[in-house]
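First listed ligand is number 1; within each ligand, the first listed atom is number 1. Atoms considered below: every heavy atom in the structure, side chains included; atoms not considered: hydrogens, waters and symmetry mates.
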Amino acid sequence: MIVYLADKLPEAALKELGSLGCEVENHPDATSSDIANGIGKAMVLVVRSTVVTKECINNSPNLTLIIRAGAGVNNIDLDAASKSGIFVANCPGQNSIAVAELTMGLILSLDRFLPDNVIDFRSGNWKKAVYSKADGLYGKTLGIIGTGQIGTEVIRRARAFGMPVVAWSRSLTPEKAEQLDVTCAASVKEVASQCDILSIHLAMSPETKSLISSDVLSGLKDGAFFINTARAEVVDEEALYRELNSGRIRAGLDVFSDEPEFKKGEFTSRFQKLDNVYITHHIGASTKQAQMAVAMDAVDIVRGYLQEGTVRNWLNRCEKTQAPWQLIVRHFDKPGVLANVLAELKDAGINAQEMENVIFDGMKTACCSIQLDVKPDDGVIDAINERHDEVITAVLLPTRT
Ligand SMILES: NC(=O)c1ccc[n+]([C@@H]2O[C@H](COP(=O)([O-])OP(=O)(O)OC[C@H]3O[C@@H](n4cnc5c(N)ncnc54)[C@H](O)[C@@H]3O)[C@@H](O)[C@H]2O)c1
Ligand SMILES: O=C(O)[C@H](O)COP(=O)(O)O
């Protein structure tokens with residue numbers, strides 16, 4: 001199996017893929033346009049932030065699995081992958097501590113003006129009085145939007161700093177909030193109005209796009225810190241720019257909308273002119289620890305696919321079919337039985353959406369459950385049941401959709 005790496009992975013991961021028997025095509029500096037014409041014979045594509053477009057997917061006839069060696073998958077055209085029957089998987093949780101550590105670093109940097117401190121030191125300017133104006137973090141309220149893996153790690157660290165936390169997340173219940181030792185807010189806006197520091201940890205999706213709206217940002221207290229280590233698109237960046245340009249709030253960002261796609265080179269951004277914003281180079285996940293954990297998780301997904309035919313962390317699987325009926329067929333385990341059952345369904349114009357076949361001890365009999373989009377009439381079920389030398393019983397049941 002050929003595995004195409006379109007980003008840099010640690011040497012140990014390449015070695016491990018080799019020992020699984022994979023042929024590795026290593027392209028650590030590949031860009032989205034480099035892979036747009038396809039990745040040749042490779043069956044598996046592993047990327048970090050390299051964008052996987054529909055052109056890349058459509059021009060890669062042998063591609064069957066795309067692995068995002070990281071958490072966010074908004075750099076992969078999921079729709080195009082699903083249309084082509086290509087699995088997409090990610091490696092969640094493996095870099096969450098690294099991102100939480102950067103989040104705390106950005107908060108500390110804002111409070112103590114660390115980057116400016118260092119810049120002035122390097123240019124020979126001693127300004128002790130200027131940099132002796134930090135507020136301190138103890139007792140400051142941290143607002144968290146999104147209590148997933150990263151949000152949770154940030155909460156732990158903030159509590160250790162003596163910071164009360166108020167949080168909103170779509171699935172945050174009062175019980176979960178109690179476990180996390182946070183106050184549960186009813187809305188994003190409520191968090192923004194109550195906190196001194198707002199930190200965003202949402203996945204990017206059509207539903208979360210610009211969830212951090214102009215209204216939310218204008219609800220922040222004067223002098224508040226705004227931290228985004230998630231994705232630029234979850235924030236209304238025009239509104240953020242306006243708030244920052246007015247000097248009303250300060251920000252620490254690891255992500256912004258014009259992030260260069262190339263891995264090294266010159267670029268410009270309107271944020272460069274604002275001294276109340278500290279921006280890092282999308283390095284949230286870039287610790288050796290996190291990169292190793294992510295890479296080994298990606299390798300383990302390849303291993304499972306190669307050796308068991310399953311895809312761990314499969315993201316573009318239809319969560320639940322809409323099929324209202326299921327046919328449970330207990331049958332003798334021999335060639336052609338399922339083909340004949342499916343032929344009866346096909347002749348009746350019925351589509352089998354999902355199907356699972358398991359065998360009993362002794363390997364003489366098996367049970368197949370088939371999710372059906374249309375209710376077969378009694379004649380179809382009778383015809384299947386009449387195949388006495390193949391079928392033990394076929395029973396139609398409603399699904400719990
Ligand atoms: N800066 C970096 O280098 C870096 C590294 C890792 C992850 N990230 C970003 O951080 C994000 C969060 O990572 P995580 O590991 O905590 O993921 P996670 O899946 O554990 O958490 C995602 C959060 O987003 C929320 N969410 C998802 N869909 C939503 C929707 N439709 N409406 C409302 N809320 C929704 C979830 O409820 C959850 O709170 C990633 O998706 C990625 O974009 C950035
Ligand atoms: O979603 C992620 O995991 C991060 O954005 C990491 O991106 P990177 O792998 O390009 O550092």
Side-chain angles (χ1 to χ4, degrees), residues 5-10 13 28-32 46-52 67-76 78 88-106 143-157 167-173 176-177 180 182 184-185 187-188 191 199-213 216 227-235 252-257 259-264 278-295 297-298 313 315 319:
L5 308 180
D7 270 304
K8 188 167 168 48
L9 257 62
D29 296 320
T31 62
S32 177
V46 182
V47 290
R48 285 184 56 176
S49 286
T50 298
V51 175
V52 184
I67 302 175
R68 165 53 159 120
V73 285
N74 57 314
N75 56 322
I76 299 169
L78 290 175
V88 178
N90 70 342
C91 303
Q94 305 296 330
N95 56 25
S96 42
I97 288 178
V99 183
E101 288 173 352
L102 179 70
T103 302
M104 297 312 290
L106 288 169
I144 293 281
I145 307 298
T147 55
Q149 309 248 24
I150 297 171
T152 300
E153 293 296 346
V154 175
I155 290 167
R156 288 202 182 111
R157 283 152 183 79
W168 175 90
S169 203
R170 62 177 171 174
S171 53
L172 186 62
T173 57
K176 177 94 192 296
L180 291 171
V182 302
C184 181
S187 66
V188 176
V191 177
S199 192
I200 311 304
H201 303 288
L202 291 170
M204 168 55 198
S205 71
E207 296 80 44
T208 58
K209 190 169 165 34
S210 297
L211 193 68
I212 311 305
S213 61
V216 168
I227 311 288
N228 187 8
T229 55
R231 286 292 182 268
E233 296 83 353
V234 300
V235 180
L253 311 174
D254 191 39
V255 287
F256 59 102
S257 62
E259 242 173 78
E261 214 237 305
F262 54 78
K263 284 159 194 173
K264 192 172 177 227
Y278 296 145
I279 299 198
T280 47
H281 299 217
H282 196 147
I283 50 154
S286 299
T287 63
K288 276 189 193 152
Q289 296 173 345
Q291 289 177 90
M292 186 60 83
V294 159
D297 203 40
N313 301 340
L315 291 169
E319 262 178 37

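- Between atom 2 (C) of ligand 2 and the options His282, Arg48, Arg68, the minimum heavy-atom separation is to Arg68.
- When each atom of ligand 1 is checked for a heavy atom of His282 under 4.0 Å away, the hits are 1 (N), 2 (C), 3 (O).
- The parts of Ile150 lying near ligand 1 are both backbone and side chain, judged by heavy-atom distances below 4.0 Å.
- Ligand 1 does not have Pro92 within reach: every non-hydrogen atom of the residue lies 4.0 Å or more from it.
- Judged by distance alone, with hydrogens and angles left aside, the side-chain atoms of Arg68 form no donor-acceptor pair with the main-chain N or O of Ala89 at under 3.5 Å.
- A distance of 12.0 Å separates CD of Gln94 from CD of Gln289, quoted to the nearest 0.5 Å.
- The shortest contact between atom 44 (C) of ligand 1 and any protein heavy atom is with Thr229 O, 3.1 Å.
- By the definition of a contact as any protein heavy atom under 4.0 Å away, atom 13 (O) of ligand 1 is in contact.
- In the vicinity of Thr208, heavy-atom distances shorter than 4.0 Å reach the ligand 1 atoms 29 (C), 30 (C), 31 (N), 32 (N), 33 (C), 34 (N), 35 (C).
- If you look at Leu202 next to ligand 1, the close heavy atoms, those under 4.0 Å, come from the backbone and the side chain alike.
- Counting the atoms of ligand 2 from 1 in the order shown, those under 4.0 Å from a heavy atom of Gly72 are 1 (O), 2 (C), 3 (O).
- Here the CD1 atom belonging to Ile97 is positioned 14.0 Å from the CG atom belonging to Leu102, to the nearest 0.5 angstrom.
- Here the shortest heavy-atom pairing between Ala71 and Asn95 reads N-ND2, 3.9 Å.
- Close N/O approach between Asn95 and ligand 1 is not found [any backbone or side-chain N/O within under 3.5 Å].
- Using a distance-only test at 3.5 Å, with no hydrogens or angles considered, a donor-acceptor pair links the side chain of Arg157 to the main chain of Glu153.
- Nearest to atom 29 (C) of ligand 1 by heavy-atom distance, out of Gln94, Arg170, Glu207, is Arg170.
- Taking every heavy atom of both residues into account, Ala230 and Ile200 meet most closely at CB-O, 3.6 Å.
- In this structure, Val255 and Ala232 approach most closely via the heavy-atom pair CG2-N, 3.7 Å.
- Considering both main-chain and side-chain atoms, Asp254 comes within under 3.5 Å of ligand 1 through a nitrogen or oxygen pair.
- For atom 21 (O) of ligand 1, the closest non-hydrogen atom on the protein side is Gly148 CA, 3.5 Å.
- Closest to atom 18 (P) of ligand 1, if we only count protein heavy atoms, is Gln149 N, 4.0 Å.
- Residue Asn313 comes nearest to Pro92 through the heavy atom pair ND2-CD, 3.3 Å, listed as atom of the first residue, atom of the second, then distance.
- In terms of protein heavy-atom proximity, atom 23 (C) of ligand 1 is closest to His201 O, 3.5 Å.
- Rounding to the nearest 0.5 Å places OG of Ser286 at 12.0 Å from NZ of Lys8.
- Under 4.0 angstrom from ligand 1, the non-hydrogen atoms of Arg231 all belong to its side chain.
- Residue Ala71 approaches ligand 2 through these ligand atoms, each under 4.0 Å from one of its heavy atoms: 1 (O), 2 (C), 3 (O).
- Interface of Arg231 with ligand 2, defined as ligand atoms under 4.0 Å from a residue heavy atom, comprises 1 (O), 2 (C), 4 (C), 5 (O).
- Residue Ala203 holds the heavy atom nearest to atom 22 (C) of ligand 1 of all those in Cys91, Ala230, Gly146, Ala203.
- Residue Ala203 comes nearest to Val234 through the heavy atom pair O-CG1, 3.9 Å, listed as atom of the first residue, atom of the second, then distance.
- Proximity of Thr147 to ligand 1, defined as any heavy-atom pair under 4.0 Å, is confined to the backbone N, CA, C and O atoms.
- Set against the non-hydrogen atoms of Ser205, the atoms of ligand 1 under 4.0 Å away are 31 (N).
- Nearest protein neighbour of atom 5 (C) of ligand 1, counting heavy atoms only, is Val99 CG2, 3.2 Å.
- Against a heavy-atom cut-off of under 4.0 Å, Ser169 is close to the following atoms of ligand 1: 37 (O), 39 (O).
- Contact between Ala285 and Ala98 at its shortest, heavy atoms only, is CA-CB, 4.3 Å.
- Rounded to the nearest 0.5 Å, atoms NE2 (His282) and CG (Leu253) are 12.0 Å apart.
- A donor-acceptor contact closer than 3.5 angstrom links the side chains of Thr280 and Asp254.
- Considering backbone and side-chain N/O atoms, Gly93 never comes within less than 3.5 Å of an N/O atom of ligand 1.
- Using a distance-only test at 3.5 Å, with no hydrogens or angles considered, a donor-acceptor pair links the side chain of Asp7 to the main chain of Thr50.
- A donor-acceptor contact under 3.5 angstrom links the side chains of Glu207 and Ser205, judged on distance only.
- Annotation for ligand 2: atoms under 4.0 Å from non-hydrogen atoms of Gly70 are 3 (O).
- Taken from NE2 in His201 to OG1 in Thr103, the straight-line distance is 4.5 Å, to the nearest 0.5 Å.
- Only the side chain of Asn95 comes within contact range of ligand 2, with a heavy atom under 4.0 Å; no backbone atom does.
- Residue-ligand proximity: Ser96 is placed with every non-hydrogen atom at 4.0 Å or more from ligand 1.
- Within ligand 2, the atoms closer than 4.0 Å to a non-hydrogen atom of Ser49 are 7 (O), 8 (P), 10 (O), numbered from 1 in the order shown.
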